Amino acid sequence: MGPKAIDAGRHPNIELLTYSEVEEVSGYVGNFVATIRKKARYVDHTLCNACEECVKVCPVSKPDEYQMGLSSRRAIYIPFPQAVPCSYILNMDDCLGNNPIACGKCADVCEKKAINYDDEDELVVREVGAVIVAIGLDVYDPTEMDEYGYTRHANVITSMEFERLICAGGPTAGHFVRPSDHERPKRIGFIQCVGSRNPKIGRPYCSNICCMNTIKDTLLLADHYPDTENFVFYQDIRAFGKSFEDMFQRSKETGTRYIRGLPGDVEEDPETGNLVVTVENTTQRGGNGRSGLERYELDMLVLSVGVIPPKDLAKISGMLTLSKTSDGFFMESHPKLKPVDAPTRGVFFAGFCESPKDIKDSVCQAGAASSRAGALLNAGQIQIEAITSRIDEIECKKCGLCAKICPYGAITWQKGEVATVIEAACAGCGSCGATCQFGAITMRHFTDDQLLAQVRAILARKPEDKVFVFACNWCSYAGGDMAGISRIKYSASNRVVRTMCSARVSEDMVLEAFRCGAPVVLVSGCHYADCHYINANRQTVVRVQRLWDKLEKAGVRPERLQLEWISAAEGQKFAKVMNQMEELRKTVTIKEIEHGREALKPKPKKAAKKKEAAATAG
Amino acid sequence: MVSQPPIEELRIGVFVCDCGLNIAGAVDCGAVTEYAETLPDVACAVRNKYTCADPGQNEIKDAIHKHRLNRVVVASCTPRQHEPTFRQCVREADLNPYLMEMANIREHCSWVHPNDREAATDKAMDLVASAVARARFLQPQEELTVPVSKRALVIGGGVAGIEAAIELADAGHKVTLVEKEASIGGIMAQLDKTYPTMDCSI
């Protein structure tokens, strides 16, 4: 990767912002505005000539993150020799120089005067047409799987620590030794699937890379130290890619033993620091027909740790209104046909954050993502779906409520003025249309007339047999699609009407469904914090709560109105909810339905009454 | 209280897709088509084997001209998949794309109710009735055209982000590559050798 990193660092078309984080992204496809925080480095990399004098005088010693804490670094340091940019950084949390009187040694010795303790974070804003999300992964921390004794036994290490210990650039300069006595281990065990394929710890998925990584490790050991004995404890070896099976066979040829079974626990011999594992070898049959229990004494044990979604995923997800699948990684627009597109138009995925994958697949996906983004940038212009709101200037009562609840700030309003919509900024959730009490807002392509017509049409025949469902396009309706694609069967009583956002569903639409004889009405949307329209579904909650009150006052059982959050990935939940709704429907009597029809009839408005009276009088 | 559809004479065409046996296997598509004919303002109802295939789309286009259709309902799969297809199809027959509506009788019906033909058919009829009712109120819409900012943002400077940034940059686009750590390289930079070859990670 070195050459690629260097290319990225010096490419005239690439602005490289390291030690920086995206704080906010607003806008929409073709017109995103990103605010990026460039954190203070306290070392001016344009002046720093990497002479290393500062490191020599820095008195602070901290665990070196790059070396997985197996060695230490100073408060001023370069992350690793091939870093891009190749520049020092001063970690102010570690530095004593926060108060220069306390130290200040590095600044004293820096001839280039590159060190500035008063450096500050800087916010930069970039207008971008497309966004590629490539935020990677986190490595599973095996502390919670205490049976393997990672925190208790010195010679139990993770596969990431293994990488550093065998690397020429590592803390031991590539001399592979074990932590307890710095002796070279001769018998090395690997436990696979640590943090993967384990529903008990909430990690049911395969991390994709660990089998091959271990196979590679055994080959490295066989190459560097032919006298080591390697033992791999596994449940399945997944060597499915190009050249993978060949590597697996080579590993076996070097003498590495593959034992099908994961150890139940690991014990340490306190005298030698050796580790004893007992494992049920499921490929061996004992005399009684059972699998054979085997015991291994090892000098070192490597936990082949899985990978988990990066901790920044939720933050980025919120910024770009993305969703995740049940394993916690980002959800793509379509699992087969749009594998790099995010559900948010103009956003694309590359690498691990979409799903566990190896380097080759990450590079392939990055190419695909850049191709998709490039097509968008090349187009020069883009058409926005005509699902935006319009305000009728005559009907508008100038209350400003729509402007207050618009998640995009797309409605401008001043006291005493008619509200206006900035069409390019309107994302089309329709919450304003459902909020306006005066019928002044038309949500194009999802008008009140259109949606009410659907309610009436669906409930025209045998309404008592039906569960009426409003589902948002991005999550709940898509969850229904996922149930379909996955062929998950459920009760056929439901009838779904799609809106772009659950916030589009007005009180009147729900009441109309009851008036038309619906026994049960379900409003469903994206999970509360994952609304595709930032936070529009907060209004959904407000409306449903108000409706529950209304139903109660009208003597209608509030349970007949249900609210559920179903994500696009949750086909199973969609099916489950539909079955639950059917059970609920069975409890609703014809008498209740008839009562609801009458009790929820709209009351004639005062103005209309007056008009009527005037007409009669006239 | 009930709103009236626009005053122009409405002529709705309904196209019911078998999707091979994907839909027809669980839903009586013939019965759904016959039912569609009885719905208000429906000028023609047609059953197709595959509506999204060229012959199916051509049937829609021909019917638009032949029956002077001004609204189209396609009862097939999820609009999340084929809405662009059918919008383009009606556009080619000089109909505003927003005058096309879909009824999802596959993902939301045939695929999830495969063992109850009667219930699935009844549901499909309701979904078609819903789409027709909505179609009666559809209005032509014009899409807003907006310019695209000539820069891409890549979040994350691991191997995927680096590769994506370089590819875009090589294609002549301006790229801002944002990495939260002090150096790009990501987790890959911490690896020693990488499979399936045994070369260094950096």
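What you see is a predicted model, and the numbers here were worked out from it, not measured in a lab. The chains referred to below are lettered A, B, ... by the order of the sequence lines, with proteins before strands, and numbering in each begins at 1.
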Looking at [Y] and [X], is any side-chain nitrogen of the basic one under 4.0 Å from a carboxylate oxygen of the acidic one?
X: B:Asp199; Y: B:Lys193; result: no
X: A:Glu15; Y: B:Arg151; result: yes
X: B:Arg71; Y: B:Asp41; result: no

Measuring heavy-atom distances to chain B, does [X] have an atom under 4.5 Å in its side chain, in its backbone, in both, or in neither?
X: A:Ile209; value: both
X: A:Asn378; value: both
X: A:Asp312; value: side chain
X: A:Leu16; value: both
X: A:Met247; value: side chain
X: A:Val124; value: neither
X: A:Ile36; value: side chain
X: A:Phe244; value: side chain
X: A:Pro3; value: neither
X: A:Ala5; value: both
X: A:Phe80; value: side chain
X: A:Asn473; value: both

request  = Please round to the nearest 0.5 Å and tell me the distance separating atom CZ of B:Arg106 and atom OG1 of B:Thr78.
outcome  = 8.5 Å
request  = Working to the nearest 0.5 Å, report the span between OG1 of B:Thr197 and NZ of A:Lys360.
outcome  = 10.5 Å
message = Which one wins on heavy-atom pair count under 4.5 Å against chain A: B:Val132, B:Asn104, B:Leu127?
response = B:Asn104
